[in-house]
Amino acid sequence: EDQVTQSPEALRLQEGESSSLNCSYTVSGLRGLFWYRQDPGKGPEFLFTLYSAGEEKEKERLKATLTKKESFLHITAPKPEDSATYLCAALDNYGQNFVFGPGTRLSVLP
Amino acid sequence: DSGVTQTPKHLITATGQRVTLRCSPRSGDLSVYWYQQSLDQGLQFLIQYYNGEERAKGNILERFSAQQFPDLHSELNLSSLELGDSALYFCASSGQGFSNQPQHFGDGTRLSIL
């Protein structure tokens with residue numbers, strides 16, 4: 001069964017304190033690994049898509065990386081506005097099953 | 001603003017009732033997806049339509065159904081509602097089917113069953 005897990009469940013950081021979020025996936029082949037950000041009361045907002053192991057993508061203070069079994073979202077020198085729930089999702093190789101992880105709630109304190 | 005519009009934003013109804021949720025995709029997007037998000041189950045894929053035809057099915061109950069119309073807007077119908085159906089229902093759209101293109105989400109409809 002396709003499955004996506006994320007850790008930690010919640011993370012509190014001081015402003016400027018860098019850290020990483022983990023996404024582990026088990027799918028029938030991987031067509032794409034997606035990262036989203038979700039603010040309270042809003043729909044998920046697309047951040048990145050990664051397609052193959054070794055790939056990296058960056059956007060402002062965020063960098064996503066991918067291995068054969070997991071993906072990491074690195075947050076460098078976070079700011080309070082980075083506080084949100086970060087979701088990852090895996091799309092299987094048949095393009096039929098899109099499975100979200102439970103998310104990591106990130107709080108960045110000023 | 002993702003460009004995906006969902007109505008209504010909030011819906012309060014009683015057990016046993018039927019409701020319809022509406023979604024207008026981003027301009028040019030052919031695929032529409034429906035998701036349910038609850039506190040205990042996270043974001044669950046329900047169903048996908050591509051250019052009017054059902055493309056993929058996830059954990060959608062038999063009491064739920066959806067359709068995509070010629071103008072590409074979509075409706076999710078929920079019937080014989082139960083307390084456990086209370087959740088946020090999201091619609092997303094993308095240019096094609098479950099391809100590598102990212103999905104863009106609306107802000108959801110919050111459904112409360114009393």
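Sequence lines set the chain letters: A, B, ... in the order given, protein chains first and strands last, and positions in each chain run from 1. Just so you know, these numbers use all the heavy atoms, side chains as well, and skip hydrogens, waters and symmetry mates.
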Next on the checklist: Please classify the contact between Gln44(B) and chain A as side chain, backbone, both or neither, with a heavy-atom cut-off of under 4.5 Å.
Outcome noted: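 Looking at Gln44(B), nothing touches chain A.
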
Inspect the surroundings of [atom1] in [X] and state if more than 12 heavy atoms from other residues, nucleotides or ligands are less than 6.0 Å away.
{"X": "Glu62(B)", "atom1": "CD", "value": "no"}
{"X": "Arg63(B)", "atom1": "CZ", "value": "yes"}
{"X": "Arg26(B)", "atom1": "CZ", "value": "yes"}

Item to check | Residue pair Gly43(A) / Asp107(B): nearest heavy atoms and the distance that separates them | outcome: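 Shortest heavy-atom separation between Gly43(A) and Asp107(B) comes out as N-OD1, 3.2 Å.
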
Next on the checklist: Testing the basics here: between Phe90(B) and Lys42(A), what is the closest heavy-atom pair and its distance to 0.1 Å?
Outcome noted: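 Scanning both residues completely, I find the closest heavy atoms to be CZ-O, 3.6 Å.
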
Next on the checklist: For a 4.5 angstrom cut-off between non-hydrogen side-chain atoms, does Phe98(A) reach Gln103(B)?
Outcome noted: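 The answer is yes, as the side chains (C-beta and beyond) meet within the 4.5 Å cut-off.
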
With hydrophobic residues grouped by side-chain heavy-atom distances under 4.5 Å, do [X] and [Y] end up in a single group?
{"X": "Leu88(B)", "Y": "Leu43(B)", "value": "yes"}
{"X": "Trp34(B)", "Y": "Ile113(B)", "value": "yes"}
{"X": "Leu30(B)", "Y": "Phe69(B)", "value": "no"}

Proximal component of [X], with respect to chain B [non-hydrogen, under 4.5 Å]:
{"X": "Tyr36(A)", "answer": "side chain"}
{"X": "Pro44(A)", "answer": "both"}
{"X": "Glu45(A)", "answer": "neither"}

